[in-house]
Number of protein chains: 4
Amino acid sequence: MSESRSLPRKTPRQARSLATVSAIVEAAARILEERGHEGFSTNAVAEKAGVSVGSLYQYFPRKDALIGALILRQTMSLIRDAESAADQPTGQEALSALIAPCVHQQLERPALARLLDYEEARLPLDAETEQVKRRFFELTRDALLRPDMPAQPDIDVAARDVVAIVKGMIDAAGEHGEEDRNGLTLRVKRAVIGYLKAGSDGG
Amino acid sequence: MSESRSLPRKTPRQARSLATVSAIVEAAARILEERGHEGFSTNAVAEKAGVSVGSLYQYFPRKDALIGALILRQTMSLIRDAESAADQPTGQEALSALIAPCVHQQLERPALARLLDYEEARLPLDAETEQVKRRFFELTRDALLRPDMPAQPDIDVAARDVVAIVKGMIDAAGEHGEEDRNGLTLRVKRAVIGYLKAGSDGG
Amino acid sequence: MSESRSLPRKTPRQARSLATVSAIVEAAARILEERGHEGFSTNAVAEKAGVSVGSLYQYFPRKDALIGALILRQTMSLIRDAESAADQPTGQEALSALIAPCVHQQLERPALARLLDYEEARLPLDAETEQVKRRFFELTRDALLRPDMPAQPDIDVAARDVVAIVKGMIDAAGEHGEEDRNGLTLRVKRAVIGYLKAGSDGG
Amino acid sequence: MSESRSLPRKTPRQARSLATVSAIVEAAARILEERGHEGFSTNAVAEKAGVSVGSLYQYFPRKDALIGALILRQTMSLIRDAESAADQPTGQEALSALIAPCVHQQLERPALARLLDYEEARLPLDAETEQVKRRFFELTRDALLRPDMPAQPDIDVAARDVVAIVKGMIDAAGEHGEEDRNGLTLRVKRAVIGYLKAGSDGG
DNA sequence: GATGAATGAGGCTTCATTCAT
DNA sequence: CATGAATGAAGCCTCATTCAT
């Protein structure tokens, strides 16, 4: 609905266009990582993608749309992995299935993750992205409602807090250059469980 | 003592200039809040501060120095309040004394806090700021070492995680428009305690 | 081949841009002549060239590059004419063939010549310009080595002095508003011959 | 008459002021040498002179006046030494007495000399400076009129050419980093004599 | 007279965006 | 559709000059 902000101005029909679009998006990611916000210019992205600026503007009506597309790409990639949480037998396992992809994505490209985080807060996101993000929240909420999880007085607040804890810890780890994904995943899960337990008995 | 990045290029000698400097810093804060990064221009800051750009550059050698000064100001303000943690009889109370000022600062000016957070990661901080930040970390570490706190296998990791949890939760709250400071403080503390307990018995 | 200081940042591929580039260079020359260093601004040059500043910066990465290109243009123009010196049968004629183009260029646009002279000393020249200048020196040296020229104890010193004398006299003439090119050429040649004769017999 | 351009706005009566003025002028010289035109700012000069900008403007109404004063200082210093030419018994000796101070001044501070040369051409000089320069020209003319000098068809043209030759050679030497003053003086004299001889017999 | 804080016009340069080819 | 030259508003920053203290 507010598509003008981040969706490609024209949905690519041909394979070539698809390839172009994803080359551009990946180039955007790389420029962002390598040069930060300061060096993130449409010309730089086009050059790295091996296309002309004109072509870039064929698919992305404005600079922000590039970031929007990037956010969508990363968020969808995250949710694809996180969906498996729904299939886990226990809450504990569901939680792990949620945290692991987050850790993975953050430590895979920490600089990118951090920058996109910032952008997510700044930019008006398009409907699709919002929906994907909502889905992640729901998965979290559902995991917390599993029978093996400590009961929470307010499940929405709990879910929000859990997401915040996960985000906060993982982000700090990325910034700190941490590389032990399993260790980090464990610590994050421990924190979440600790929070849930502490909250279940009236806090 | 002096750091090219964020310290005033000229230490103000006259009363007039002291006023100018703080007017500029506060103007920078306001512009950042109201217009975000995009609208944060030296001219805008100077105008809002009621001085000329020239004056601004008399005290801040480059645009980034404004942000640096702002970060220092906020960090020092935080630490001033947080120092009381050292005087608390118990770890529990020390923890509260640490969390409360964080919550206060974040909810007081959420947009500003979030933007400065981003800048802290991006900018090379001057020595003074680094030291103040280290001090906050030490206060946290000391609190966790109190006898009434669950013992941690690695105190530094624990302290870092605690800081990350606090930051993550408070930041999310600010973004979400939360206003109940006491409630938030309690939830954060609960999360921290939960994490510490979960961590003390080997996870 | 490429030199960051004065070569166009982008080699023009289309006919359009070739025209743009030379329009810019000529505009630079004119602005320099009409307004001197003080009035030599990129905006002024762009305006006089009838293009936008952006276009100017598309081809010249910095202001100095404009001057560099101008120096190269003038030096190449000079050498093109001076090359005929190599074909002259006698040293006397070769000398004339060297001096005449210098006089021509200086009196054609005296203000420009003088300013560029100053810039040549100030700016780091790119490889191509250096080479062209070296070529001029070699032509001079070769002329002095002809059999009809008085033998010199140190041919390099002699060549350098001759170039200095020529430059000094012509520059002064330009500054003085002299217009009689033939007269000037003769006087300069006389000075050079006088110097060479005086130097040949041990000084 | 056109005093506004370079004379101190107020003639210093007190010893202290005199000291201040010459400190400023020398500071100007140093800044010019060390940082060239680009770094030559009134603030830099004031700082190096150890006075405030305000004080500088007390004595020099505008930036150019600094350069004007510097030119005057150097020119007067030159003429002071060159005056001895008038006392020499022969033209040959008078010529040497003229050339030597030029060589001295140029090689003493080559960068400064070259920059001032450029300024002399650019700036409207005040009456006093003009007069001092004229005096140098007269000394040269008189030397050429001595009986032991080759007769010249046009004495003014000859004097101008001689000055140009001297300037050209000495300047090139300074630029080239030459340090042998005696050798240079001899070569310059040889060139001048050569020119004069060549000119005396109708070319 | 001296000081140095303040001014603000103006110069350099970038970069999102358009559009002729 | 692709290209890349062109645009020009806008941002950063300097520095000659003034003036209140």
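Lettering of chains follows the sequences in order, A, B, ..., and the numbering in each one begins at 1. Values below: all heavy atoms of this structure, side chains included; hydrogens, waters and symmetry mates excluded.
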Separation of [X] atom [atom1] from [N] atom [atom2], in whole Å?
X     : N      : atom1 : atom2 : result
D:I24 : F:dA16 : CD1   : C1'   : 15 Å
D:H37 : F:dT14 : NE2   : C1'   : 16 Å
C:R35 : E:dG11 : CZ    : C1'   : 13 Å
D:L18 : E:dG1  : CG    : C1'   : 15 Å
C:D64 : E:dG11 : CG    : P     : 16 Å
A:N43 : F:dA6  : CG    : P     : 14 Å
A:I31 : E:dC15 : CD1   : P     : 11 Å
B:Q58 : E:dA5  : CD    : P     : 6 Å

So, does [X] get its side chain near the phosphate of [N], meaning an N or O under 4.0 Å from OP1 or OP2?
X     : N     : value
D:Y57 : E:dG1 : no
B:S55 : E:dA5 : no
B:S52 : E:dT7 : yes
A:Y59 : F:dA2 : yes

Using a 3.5 Å limit for the pairing distances, which stems of at least 3 consecutive Watson-Crick or G-U wobble pairs does DNA chain F take part in?
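Ordered by first number, the stems with DNA chain F (at least 3 consecutive pairs each) read E:2-21 with F:2-21.
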
What heavy-atom pair brings D:A69 and D:F60 nearest, and what distance separates the two atoms?
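Residues D:A69 and D:F60, closest heavy atoms: CB-CE2, 3.7 Å.
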
Can you work out whether D:T42 or B:F40 has the more 5'-proximal nearest nucleotide on DNA chain F?
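Looking at DNA chain F, the more 5' nearest nucleotide goes with B:F40.
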
Find which nucleotide of DNA chain F each of B:S41 and C:L56 is nearest to by heavy atoms, and output the residue with the more 5' nucleotide.
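Result: C:L56.
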
Looking at C:T129 and C:L125, would you say the former's side chain and the latter's main chain have a donor-acceptor pair under 3.5 Å?
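Not a single qualifying donor-acceptor pair exists.
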
Main chain of B:V51, side chain of B:S55: is a donor-acceptor contact present, judged purely on distance under 3.5 Å?
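Absent.
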
Atom P, compared across F:dT21 and E:dG1: separation rounded to whole Å:
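Roughly 22 Å separates the two P atoms.
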
State whether C:E26 and C:R109 are salt-bridged, where the test is any N-O pair (Lys NZ or Arg NE/NH1/NH2 against Asp/Glu carboxylate O) under 4.0 Å.
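The answer is yes: the pair qualifies as a salt bridge.
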
Taking only Lys NZ, Arg NE, NH1 and NH2, and the carboxylate oxygens of Asp or Glu, determine whether D:D117 and D:R122 approach each other closer than 4.0 Å.
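A salt bridge is absent here (no side-chain N lies under 4.0 Å from a carboxylate O).
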
Looking for any heavy atom pair under 4.0 Å, which part of the strands does A:E38 touch: base, sugar-phosphate only, or nothing?
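If one applies the 4.0 Å heavy-atom cut-off, A:E38 turns out to touch the sugar-phosphate alone, with no base involved.
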
What pairs of residues pass the ring-ring contact (aromatic ring centres under 6.0 Å, His included) test when at least one of them lies in residues 27-52 of chain D, not counting sequence neighbours?
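Of all non-adjacent pairs touching residues 27-52 of chain D, those that pass ring-ring contact (aromatic ring centres under 6.0 Å, His included) are D:H37-D:Y118.
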
Do D:S17 and D:Y59 get their side chains close enough for a donor-acceptor pair, meaning under 3.5 Å?
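Their side chains do contain a donor-acceptor pair, which is all the 3.5 Å distance test asks for.
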
